[in-house]
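Right, one structure below, let's go through it.
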Amino acid sequence: MTLFRGTFLDTPDNPFTGGSLRVATDAALVVQDGVIVARGPFAEIRAAHPAEHIVDLSDGLVLPGFVDTHVHFPQIRAVGGMGMPLLEWLDKYALPEEARMADAAYASSVADEFVRGLAAAGTTSALVFGAHYASAVDTLFAAASRVGLRITSGLVVSDRIIRDDLLTTPQRAYDESLALASRWHGVGRNRYAVTPRFSLSCTDELLASCQTVLEEIPGALFTSHLNENEAEIATVAELFAGSDYVSTYERHGLVDHRSVFAHNVHPTDVELKLLGQSGATVAHCPTSNAVLGSGLFPLGRHLDHGVRVALGSDVGAGTGFSLLKEGLQAYFCQQLLGDHGHALSSAHLLHLATSAGAEALGLSDVGDLSVGKRFDAQLLRPVEGSPLAVGIEHAADAEDTLARVFTLGTPADIRAVWIDGQLLDDSSGKV
Ligand code: GUN
Ligand code: ZN
């Protein structure tokens, strides 16, 4: 048993439905076998557990580990592409790098950089877009297992339009996906996600094979892209005889509570209704939407239709692993929408980056720091004298402190990360 002492901030009650930020100052959590078994004021908890080891985190803020619901492992070396809309960016920038994943040794070194980058940014769970090569997906699961991250990922599949060396067939996609799932799904903290790239690059036959794979792997998730860019949406409509984008997945049984769709910047009301009724989640990827000029995310319309929304970094169109930065950009985006935007507080941002992501990924035992949850957490302590340290010192209250954290915080301020109560040690020197 370990007693963690400090100031804990989390969002067990959804701020989008009347909840607010939970603040526990000079508090303690008791963690046994990775699970929080008690919490309360430090003095009380200490009196009840006089002999337990104390980890004193009073010089920082403890937040739940972040949950990144959309991030591409093979694109970490392709962050920074500027001046291109989605389809051109894929052709000229992202997919040439993804083709390099054919070399398993290359993929393995990228996978190491990737999992370290996630952990260093305070991300403890992620739904990861894998690679088009099964051997590269193996390297990702292996690297995640070494660091101890909670990763859900899978083979990315496409069978048309994008470059030839990334294409597969429905049969091969089926065979390789099931083989990967048999090696990794439910092993340690790994889970499998059925992952067609987007319906633009997938025939109906391939999407049908995805449905079969999803049915054959109990507990698997489904993820893909949706309604990101106007030219992409027009092409999908042409390819699928005028269907809307959501229907291209829905007709194959791929839209339900296990589904996480990235972007959805330009949905119709009919699509939002279907997403809301199905229990699917949209991964909002605000820095990516800005970099590629995809548009401003209509959060209010999603909430009006009861669509679940969480945050994704979308590395490498997104600009880095930090969900602090994504949270700030999500805030900017709603401000820029003016009367059509949904005002966001720092509690909303923390919810989107933690509990909303955990719900999206079906991880009911992480996302906040309540009794019964697993201790997936991060310690944030700014560099002395830095703008963030000054900001925190002069904050009016905890919500204001958190607003300054989202505004000024970076991975350099994340000093330690725990999963299941265990301190991650990935030899990066930071976590
Ligand atoms: N749509 C299909 N593939 C991708 C990708 O890699 N990144 C983004 N942002 N959108 C996509
Ligand atoms: Zn993406």
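Both ligands and their constituent atoms are indexed starting at 1 by order of listing. Predicted model only: the values in this text are computed from it and were never measured. All values below come from the heavy atoms of this structure, side chains included, with hydrogens, waters and symmetry mates left out. In this chain, numbering begins with 1 at the start of the sequence shown.
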Salt-bridge present ([X], [Y]; N to O < 4.0 Å):
X	Y	value
E113	R77	yes
R301	D269	yes
R404	E399	no
D13	R22	no

Original post:
Under 3.5 Å, N or O to N or O, is D314 touching ligand 1 that way?
Top reply: yes

Original post:
Looking only at distance, does R197 have an N or O less than 3.5 Å from an N or O of ligand 1?
Top reply: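 Among all N and O atoms of R197, at least one is under 3.5 Å from an N or O of ligand 1.
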
Does [X] bring an N, O or S atom to under 2.8 Å of the Zn ion (ligand 2)?
X	value
E228	no
H225	yes
H72	yes

Original post:
Does the Y93 side chain pair with the main chain of A78, one donor and one acceptor, at a distance under 3.5 Å?
Top reply: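 No; judged by distance alone, with no hydrogens or angles, the pair does not exist.
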
Proximal atoms of ligand 1 relative to [X] (non-hydrogen, under 4.0 Å):
X	answer
H263	9 (N)
F198	1 (N), 2 (C)
L86	8 (C), 10 (N), 11 (C)
H225	1 (N), 2 (C), 3 (N), 4 (C), 5 (C), 7 (N), 8 (C), 10 (N), 11 (C)
L90	2 (C), 3 (N), 4 (C), 5 (C), 6 (O)

**OP:** Please state whether E232 comes within less than 4.0 angstrom of ligand 1, counting heavy atoms only.
**Re:** no

Original post:
Hey, which N, O or S atom on D314 ends up closest to the Zn ion (ligand 2)?
Top reply: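 Sorting the N, O and S atoms of D314 by distance to the Zn ion (ligand 2) puts OD1 first.
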
Original post:
Please state which protein non-hydrogen atom is closest to atom 10 (N) of ligand 1 and give its distance, to 0.1 Å?
Top reply: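 The closest heavy atom on the protein side is E228 OE1, 2.7 Å.
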
Original post:
What is the nearest protein non-hydrogen atom to atom 7 (N) of ligand 1, stated with its residue, atom name and distance?
Top reply: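 Heavy-atom neighbour on the protein nearest atom 7 (N) of ligand 1: W89 CZ3, 3.5 Å.
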
Got a second to check how far [X]'s [atom1] is from [Y]'s [atom2], nearest 0.5 Å?
X	Y	atom1	atom2	answer
T212	H252	OG1	NE2	10.0 Å
Y174	E216	OH	CD	3.5 Å
H185	Y192	NE2	OH	10.5 Å

Subject >> Residue pair S199 / Y245: nearest heavy atoms and the distance that separates them >> reply: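 Of all heavy-atom pairs spanning S199 and Y245, the closest is OG-CE2, 3.1 Å.
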
